[in-house]
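Here's the structure, in structure tokens; my notes come after.
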Number of protein chains: 2
Amino acid sequence: MQISSRFTIALHIFTCVDVFQNQYKVTSDFLAGSIRTNPVIIRKILAQLKHAGLISVARGTGGISLTRALSEISFYDVYEAVEAVEAGKLFHFHESPNPECPVGRNIHRLLDEKLLAVQTAMEQELRRYTLSDLRSEMTELLDQEC
Amino acid sequence: MQISSRFTIALHIFTCVDVFQNQYKVTSDFLAGSIRTNPVIIRKILAQLKHAGLISVARGTGGISLTRALSEISFYDVYEAVEAVEAGKLFHFHESPNPECPVGRNIHRLLDEKLLAVQTAMEQELRRYTLSDLRSEMTELLDQEC
DNA sequence: TTTGATGTAACAATTGACATTACAACAATA
DNA sequence: TATTGTTGTAATGTCAATTGTTACATCAAA
């Protein structure tokens with residue numbers, strides 16, 4: 001199974017807001033055009049980002065603004081905000097092993113610790129990247145394009 | 001989204017084979033009893049483990065045997081064998097960003113490298129654990145139980 | 001030949017992701 | 001104040017993947 005595209009879409013959204021905010025009013029329609037999906041998909045993700053305190057969305061008039069500097073928002077913050085994976089539950093367990101079997105009644109406990117370490121390793125790596133990393137590399141690329 | 005329970009089921013299977021192989025003939029029915037699922041689910045996973053060369057399954061007579069020492073099988077080997085996640089594709093991308101948008105046509109490339117690093121961090125951690133770690137902790141637990 | 005396994009196809013049930021339509025609520029402005 | 005363009009959200013549809021189930025051919029040993 002894969003981690004929801006809400007995560008990569010959210011990263012796309014932040015990049016667009018940063019790149020275009022001085023030229024255009026960045027609305028859910030505008031974003032949907034760049035991402036090529038439905039505006040409602042965007043609005044749902046915006047609602048999650050707003051709820052996590054990463055952005056504010058102007059109702060009525062439209063437009064998105066950041067509530068923190070890009071350098072203060074890590075990939076992990078975004079990942080968590082869009083609930084790409086429910087907290088602490090990257091791995092799916094078979095839920096009802098047989099309690100009468102010595103292995104069955106102990107396996108979950110034994111695996112939990114190790115699999116949590118695996119998940120934590122991934123999340124730590126996500127914390128290493130910030131949206132300003134993304135921004136600087138994107139502007140570099142765009143400069144080359146012209 | 002979560003990583004398929006095939007992975008934790010496979011770990012459960014290995015533990016059962018190790019713990020019970022001298023007492024019982026470990027069949028898909030036996031395993032299904034401990035894991036509390038359908039024997040066919042077990043057989044499908046066994047087929048994947050066999051295909052990866054981690055076990056051999058005796059057709060006709062029944063029973064499972066390992067083709068390597070437990071210490072030579074890492075969690076990653078199992079994870080890969082059951083195709084818990086298609087190779088290199090932990091993160092789901094929105095597949096058709098707009099090529100006419102400067103951000104749209106560059107975002108995928110920019111993210112690929114970073115998200116691959118995240119995935120690799122997770123996989124490296126999976127390589128740190130072997131089935132013999134699991135075995136020794138399980139026997140420890142079972143000794144305490146008696 | 002019988003017995004108890006595995007291998008596998010076919011299909012059903014469930015779940016979650018993603019897409020789409022529709023419309024109320026809202027804020028600026030003409 | 002009426003209009004306009006936007007957000008928020010409910011309702012519904014579609015699709016794919018996971019997991020579960022039944023059925024049965026194939027197989028190896030006793």
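Residue numbers begin at 1 in each chain, while the letters A, B, ... track the order of the sequences.
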Measure CZ/Arg43(B) against C1'/dT19(D) and give the value in whole Å, please. 15 Å
Show, in sequence, the C-alpha distance, side-chain angles and deciding distance for His94(A) and Thr37(B), and conclude whether the side chain to side chain donor-acceptor pair (under 3.5 Å) test is met. CA-CA 8 Å; His94(A) 47 298; Thr37(B) 181; over 6 Å; no
With sugar-phosphate meaning primed atoms plus P, OP1 and OP2, does Ala47(A) contact a base, only sugar-phosphate, or nothing at under 4.0 Å between heavy atoms? nothing
Atom CD1 of Ile45(A) and atom P of dT7(D) are separated, to the nearest Å, by 14 Å
Measure from the side chain of Lys50(A), starting at C-beta and using heavy atoms only, and say which of dT19(D), dG8(D), dT9(D) lies closest. dG8(D)
Within residues 16-31 of chain B, find the residues that approach DNA chain D with a heavy atom at under 4.0 Å, and present them sorted by residue number. none
Strictly below 4.0 Å, N to O, side chains only: are Asp133(B) and Arg128(B) in salt-bridge contact? no
Which residue lies toward the 5' end of DNA chain C, Arg36(A) or Gly60(A), if each is placed at its nearest nucleotide? Arg36(A)
Position toward the 5' end of DNA chain D (nearest nucleotide), Ile64(A) or Lys44(A): Ile64(A)
Take Leu31(B) and Val26(B) through the test side chain to side chain contact (heavy atoms under 4.5 Å, CB included) and record every step on the way to the result. CA-CA 7 Å; Leu31(B) 290 165; Val26(B) 180; 3.7 Å; yes
Consider only side-chain heavy atoms of I, L, V, M, F, W and Y, link residues closer than 4.5 Å, and tell whether Phe14(A) and Tyr24(A) are in one cluster. yes
I'd like to know if Arg59(B) reaches the base of dT26(D) with its side chain such that a donor and an acceptor end up less than 3.5 angstrom apart. yes
State whether Lys114(B) and Glu137(A) are salt-bridged, where the test is any N-O pair (Lys NZ or Arg NE/NH1/NH2 against Asp/Glu carboxylate O) under 4.0 Å. yes
Measuring only between side-chain heavy atoms, which start at C-beta, is Thr67(B) closer than 4.5 Å to Ile55(B)? no
Do the side-chain N or O atoms of Ser5(B) get closer than 4.0 angstrom to the phosphate oxygens (OP1, OP2) of dT19(D)? yes
Side-chain contact test, heavy atoms from C-beta onward, threshold under 4.5 Å: evaluate it for Ser136(B) versus Glu140(B) and give yes or no. no
Indicate if Leu66(A) and Ile45(A) have the same hydrophobic cluster label, given that clusters are the connected sets of ILVMFWY residues with side-chain heavy-atom separations under 4.5 angstrom. yes
Could you state the CD1-P distance from Ile3(A) to dA17(D), rounded to the nearest angstrom? 17 Å
What's the CG-P distance between Leu46(A) and dT9(D), to the nearest Å? 12 Å
Nearest-nucleotide 5' precedence on DNA chain C, Thr61(A) against Thr37(A): Thr37(A)
Specify the separation, in whole Å, of atom CD1 of Ile42(B) and atom P of dT21(D). 12 Å
Classify the ring geometry between Phe91(A) and Phe7(B) as parallel (under 30°), tilted (30 to 60°) or perpendicular (over 60°). tilted
Without decimals, in angstroms, what is the distance between Gln48(A) CD and dG8(D) P? 12 Å
Going 5' to 3' on DNA chain C, which nucleotide is the first and which the last to come under 4.0 Å of a heavy atom in chain B? dG4(C) to dC18(C)
Rounded interatomic separation in angstrom, taking NE2 from His92(B) and C1' from dA17(D): 12 Å
Contact class for His94(B) (heavy atom, under 4.0 Å): base, sugar-phosphate, or nothing? nothing
Protein-nucleotide distance (Ile35(B), atom CD1; dT18(D), atom P), rounded to Å: 18 Å
Once you apply a heavy-atom cut-off of 4.0 Å, does Val57(A) come out as touching a base, just sugar-phosphate, or nothing? sugar-phosphate
Find out whether Arg109(A) and Leu141(B) are in side-chain contact, i.e. whether some heavy atom of one side chain is under 4.5 Å from a heavy atom of the other. yes
